[in-house]
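All residue numbers in this chain count up from 1 along the given sequence. Excluded from the calculations below are hydrogen atoms, water molecules and symmetry mates; all remaining heavy atoms, backbone and side chain alike, are included. Owing to the predicted nature of the structure, the values given are computational and were not obtained by experimental measurement.
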Amino acid sequence: MAGRFAPRPTRTTVRGGHVAVPGGASGGVPRQAVAAGKVRTVVPDGPLDLGLVLGPLRRGPGDPTFRAMPDGSVWRACRTPAGAGTLRVSVRGAEVRGEAWGPGAEWLLEQLPELLGAADDPSVFVPRHRLVAVARHRRPGLRLTRTGLVLESLIPSILEQKVTTDEAYRAWRLLVRKYGEPAPGPAPGRMCVMPDAGTWRVIPSWEWHRAGVDNKRASTILRAVRVAARMEEAVRMSPAQAQARLEVVPGVGPWTSAEVVQRSHGAADAVTVGDLHLPGIVGWALAGDRDADDSVMLELLEPYAGQRHRAARLILLSGRVPARRAPRMPRGDIGRL
């Protein structure tokens, strides 16, 4: 799991794991990139693994807003405060090159250092368990990204509530491709920018149903986008204050708010509670307790107070997970009803 194996993507493997960014030529823009974009070069202050840093932003292998290319570059299609934008990030030696297109290009390049983890300080993390220390040693390029965007993490996190990741990823893919807009610039084929708040509000009920989204999750998203500006304001708050702001929306609880601030704020201490798998994985890795619940998990992570999310990611990257004892949760599709 998460860098050691190649399992089917799950909520925990994607959150704590690694998007494979193939090696090879760190070379130039793909053949379809004929239009020059705005460019910014960043020199990280330490090791940086592009797949580990940006991997949590991908919502499944078919995510229309995220693409890892064979040349080692990563593409993101975003809806920024300045409008739609496309960002291509590639590593060239000790430098990271960002190239952006669209109305949101300047905003994306301004945020590029924080996207690459410049606001994160991994040096403050002190491993308290051998397994965590080994995982950190093997993954020195792990940095916590900070996107500065709330809705782009909030909406897919709501879609992931109480369903399999396959169902959530399918819903995100179908809705973004149908109601989003083509990514600006020479983005790889079929990449899209997610819909704006106004478009989310007018998606017909039957389209939610066809995408496999039940009324509870659809209603939560509609409540969130009605106060989209207030949600985006949370990015200027501390992670704890931002979580409190998000949880004002009925249907958004601690699990969802933690998943959001981990990405929007780069929150190193926002450990996910209420997850189906994470407590058992942490319990098994640190204490041999595969039946650990949230309270046990939080107790085990207490030595990492202030860095609990980083500790959980390193545990996931270690690959030490309990053997499966039951079949996978069956995938549902209410769109067929």
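Residues Ser153 and Arg59 come closest through the heavy atom pair O-NH2, 3.5 Å. Between Gly85 and Leu108, the closest heavy-atom pair is C-CD1, 3.6 Å. When all heavy atoms are compared, the tightest approach of Val213 to Ala171 is CG2-CB, 3.6 Å.
Counting only N and O atoms by type, the side chains of Glu259 and Ser157 include no donor and acceptor under 3.5 Å apart. A side-chain donor from one of Ser257 and Glu247 sits under 3.5 Å from a side-chain acceptor of the other. Between the side chains of Ser73 and Asp71, at least one donor N or O lies within less than 3.5 Å of an accepting N or O.
Evaluation of the salt bridge (charged side-chain N to carboxylate O under 4.0 Å, His left out) test over residues 175-191, restricted to residues two or more places apart or in two chains, returns Arg79-Glu181, Lys178-Glu207. Among pairs with a residue in residues 220-230, those fulfilling salt bridge (charged side-chain N to carboxylate O under 4.0 Å, His left out) read Arg230-Glu233, at least two apart in sequence or across chains.
Residues Thr145 and Glu114 form no side-chain contact, since every pair of their non-hydrogen atoms from C-beta on lies 4.5 Å or further apart.
Between Asp269 and Arg308 there is a salt bridge, since at least one side-chain N of the basic residue sits less than 4.0 Å from a carboxylate O of the acidic one. Between Lys38 and Glu106, at least one side-chain nitrogen of the basic residue sits less than 4.0 Å from a carboxylate oxygen of the acidic one, meeting the salt-bridge criterion. With respect to the salt-bridge test (charged N to carboxylate O, under 4.0 angstrom), the residues Arg310 and Asp121 do not qualify.
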